[in-house]
J.: 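Dropping a structure here in structure tokens format, bear with me for questions.
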Amino acid sequence: MVSKIKLVEVKSDLGGRRAGASLGIDAIRIASYKNPNNFGFFRRFENECYARINADNQLFNRPNKHIYSKKIEEIIKIYNETANAVSDGIKNCDFTIVIAGDHSSAGGTIAGIKKANPNKRIGVVWIDAHADVHTPYTSDSGNMHGMPIATAIDDDNLECKFNDVDEETAELWEKIKSVGGTKKKLDLSDVVYVSLRDYEVAESTLIKKYNTKVIRTIDLRLLGANETAHSIIKSLSHCDIIYVSFDVDSLDTTVSMGTGTPVADGLFVHEAKELLRVLSSYDKVKCIEISEINTTLDSGNKMAEAAFEILSAVCRTIDIRFALHN
Ligand SMILES: [Mn+2]
């Protein structure tokens, strides 16, 4: 049986340093045409369960008014639209998949999950080379794709304050944190990081403060992706609903360089695929996001092809999950 999966496409590259992440949305569709068996794969989403949020090709068309949270005004708009689309998916569809450009959209996704479930405890599996828990007060770059988790935990990490943030930026930061109805949407101790390997002291201070679980690439490889997935769900068993955020820079640089901030020593495709397949077999997992495919930095369309392989495995698993229930 085919389940009712909501697809939310967030076509934006506003949160990163390099333009092109917004093209990842179309690159993954093109990747689906490589194998004739997959022709028509995206047709299943052409129903009431579909939303596309369009802000492509704006990275260098907008001035940088706020250097510690670049493009924050535009990104607040994306947060609101993403939150509404995701909230609707969580409430009215069997499962929600977000395919995003840069990873800043994930804060909007978390806001949407919280909006749909204000009284539920949210757990997050963050599969990413980066911790994405910077705030305008701690960020070196001011790029908002490094801040999505920080917009959800209501802790600005002022102990590690590094920037002298102006009043307007501070106000906009409070505004973006409020999307979804509450500033505290998530406890950082309810996040599990997978393949985290490139982060700053300010971020590791927060990770230590909340005793957040970090599964390194080597840990996953030694235990196996399948067992790792089960252990993650077990460690989030006190949470009511689980969101899996997959930044393709969690993948190893030998897989592809088609992402804004590639980092060595990442996951292989078969590991990420098995991890996401097993995670999505659990009923508590309601939403998965794939982000940061940048084909302009790739040779061929390798990263999108890897992401599509993982996406189709997730969809197959969701279909099986719902067939078992119906
Ligand atoms: Mn990320």
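The chain is numbered in sequence order, starting from 1. First listed ligand is number 1; within each ligand, the first listed atom is number 1.
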J.: Is the Mn ion (ligand 1) under 2.8 Å from any N, O or S atom of D128?
T.: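 Checking the Mn ion (ligand 1) against D128, an N, O or S atom does fall under 2.8 Å.
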J.: Just jot down the salt bridge (charged side-chain N to carboxylate O under 4.0 Å, His left out) partners of R197, sequence neighbours excluded, or say none.
T.: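 Checked R197 against salt bridge (charged side-chain N to carboxylate O under 4.0 Å, His left out); zero matches.
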J.: Give, rounded to 10 degrees, the angle between OD2 (D247) and OD2 (D132) as seen from the Mn ion (ligand 1).
T.: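 Angle OD2(D247)-the Mn ion (ligand 1)-OD2(D132): 170°, rounded to 10°.
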J.: Tell me whether the rings of H325 and F322 are parallel (<30°), tilted (30 to 60°) or perpendicular (>60°).
T.: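 Judged by the thresholds at 30° and 60°, the geometry between H325 and F322 is tilted.
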J.: Same cluster or not: are V263 and F246 linked, directly or through other Ile, Leu, Val, Met, Phe, Trp or Tyr residues, by side-chain heavy atoms under 4.5 angstrom apart?
T.: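 Looking at the clustering, F246 is in a separate group from V263.
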J.: Would you say H103 has an N, O or S atom lying under 2.8 Å from the Mn ion (ligand 1)?
T.: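 Yes, since at least one N, O or S atom of H103 sits under 2.8 Å from the Mn ion (ligand 1).
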J.: Nearest heavy-atom pair of E309 and V269: which atoms, and what distance?
T.: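 Scanning both residues completely, I find the closest heavy atoms to be OE1-CG1, 4.0 Å.
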J.: Using a distance threshold of 2.8 Å, state whether an N, O or S atom of D249 lies below it from the Mn ion (ligand 1).
T.: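 Coordinating: no.
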